[in-house]
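A note on names: the letters A, B, ... follow the listed sequences, proteins ahead of strands, and every chain is numbered from 1.
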Number of protein chains: 2
Amino acid sequence: MAEDADPARRSIGARRNPDSADAILEAAEAVLVEAGYAGFSIEAVARRARAGKPTIYRWWPSKAALLLEVYQRQKRVEVPDTGRLEEDLVGFLKNLFAHWRETSSGSVFRSLIAEAQSDETAAAALADYSLGRRSHTGQIIERAKARGEIPAGVDSAVVADLIASFAWRHLLTNRLDENEATIGKAVNYVMRGIAAPAP
Amino acid sequence: MAEDADPARRSIGARRNPDSADAILEAAEAVLVEAGYAGFSIEAVARRARAGKPTIYRWWPSKAALLLEVYQRQKRVEVPDTGRLEEDLVGFLKNLFAHWRETSSGSVFRSLIAEAQSDETAAAALADYSLGRRSHTGQIIERAKARGEIPAGVDSAVVADLIASFAWRHLLTNRLDENEATIGKAVNYVMRGIAAPAP
DNA sequence: ATGCTCAAACGAAACGGCGCGTTTTCAAGC
DNA sequence: GCTTGAAAACGCGCCGTTTCGTTTGAGCAT
């Protein structure tokens, strides 16, 4: 992938070298996938990118910052919009699990969560990110509300939190190959809770 | 806490020294609480326990093993049994969050989850543990089933997984001071999903 | 425009420091 | 004599930083 950095990539003068930045980000992703979070060190990334450590430290103040940018470069998961809430939720989770399994996104996100447990920067970044995107799930639920499929009183933040928690836990415990039935069942419980009139 | 190890604690001959083991476990807990997971190293624990590193490595093959034993020494959280499922679930989550906040259990468990992302041993131990205890939540739900409060067809594993996920996510994102209303709301959604007749 | 100087970023190498996991040494008690 | 424990030292790797020489754009004067 990025293992043979362009030998012509050299300093381009008194401004940031985008080639270096790219090489570093790609190397970071590659190291993460190949060696896992345990083998993810600034040294290893620098070696892999054929870059100097100071170059990395200049642009990314912490391991967490680098991880975060790698994560943000990832392709986004597809969010279905079928017109039925339950179908959307199950489809989204299936897409998400497949995405996490089949691309490096899963490794990167797992690492970010782990890093957040010991690095304040990572924790803040993760919180920002979660809050900022308001999660795809929230949008799915809001759409269902807008078309009157579920009561307007439903607190989409709470529901989205439940779904997101489910996804996180499966990611962190390496159960992304969960069969569709389990996903469907979990979503179904939440779904009925949403749809039922408040007691 | 364990900072002044008994100066009289010395080798007791050809068997394991329980005083040393205790001192090491207590030191590990103290280091984790005071310096966090980032500062948790075998060296630091050995220093704190006034023990030699080889002594630690002899009895705990990895950092994960030590973490796990520290976690298992913790006091258990109280599981309510009021005769009403919703009350039990909310009460349990409240107890659990308070327990995680006010004792070192939260720090230890967070660290264990983080460690599991880079250490295979920790991952296996965590999976064993989660599976083995079948979670307190599962017992709560099974009780409700036994007294006929909810349909016998309810899959308690799935529901317990939802509740546990909710708890994990709040632990990992440092939101253990969530107000009672949020907990209640989340549980309420799940509850109604359980109670409602399958569509 | 042209040419000069300065500042910035680059890769590479080296630094001291620390934690790793291991090995060795020595003393103590069964 | 056996096992255990404490202590010290080992080589290794990564940390975050500093220094070096080189490359190049930007700013300014001519």
Calculate the interatomic distance between [X] atom [atom1] and [N] atom [atom2]; express it in whole Å.
X	N	atom1	atom2	answer
Ile24(B)	dT4(D)	CD1	P	14 Å
Glu43(A)	dC18(C)	CD	P	17 Å
Asn17(A)	dA12(C)	CG	P	13 Å
Asp22(B)	dG5(D)	CG	C1'	15 Å
Arg16(A)	dT24(D)	CZ	C1'	17 Å
Asp19(A)	dG25(D)	CG	P	13 Å
Ile42(A)	dC18(C)	CD1	C1'	17 Å

Query raised in the report: Does Thr55(A) place a side-chain N or O at less than 4.0 Å from the phosphate oxygens OP1/OP2 of dA9(C)?
Result: no
Query - dC10(C) phosphate, OP1 or OP2, under 4.0 Å from Arg50(A) side-chain N/O - result: no
Requested in this report: Kindly indicate whether the side chain of Tyr189(B), heavy atoms from C-beta on, has any atom under 4.5 Å from the side chain of Val154(A).
Outcome: yes
Report task. Following the transitive rule for hydrophobic clusters with a side-chain heavy-atom cut-off under 4.5 Å over Ile, Leu, Val, Met, Phe, Trp and Tyr, establish whether Val77(A) and Phe97(A) coincide in one cluster. Result -> yes
Query raised in the report: Going by heavy atoms closer than 4.0 Å, what residues in residues 56-66 of chain A are next to DNA chain C?
Result: Arg58(A), Trp59(A)
Requested in this report: Using a cut-off of 6.0 Å, state whether more than 12 heavy atoms not belonging to Glu120(B) lie near its atom CD.
Outcome: no
Query - Among dC10(C), dC15(D), dG5(D), the nucleotide that comes nearest once only the side chain of Ser20(A) is considered - result: dC10(C)
Requested in this report: Between dG11(C), dG19(C), dC14(D), spot the one nearest the side chain of Ala51(A), thanks.
Outcome: dG11(C)
Query - Interatomic spacing from CG in Leu67(A) to CD1 in Ile113(A) - rounded to 0.5 Å - result: 11.5 Å
Report summary line: Here the pair of heavy atoms bringing Ala160(A) nearest to Gly138(A) is CB-N, 3.9 Å
Query raised in the report: Just by distance, with hydrogens left out, do Thr82(B) and Arg84(B) show a side-chain donor and acceptor under 3.5 Å apart?
Result: no
**Report entry** Polar side chain donor-acceptor pair, Glu115(B) to Tyr37(B), under 3.5 angstrom
**Finding:** yes
Requested in this report: Ignoring hydrogens and angles, answer whether the base of dG11(C) and the side-chain atoms of Lys53(A) contain a donor-acceptor pair closer than 3.5 Å.
Outcome: no
Query - Position toward the 5' end of DNA chain D (nearest nucleotide), Pro54(A) or Phe40(A) - result: Phe40(A)
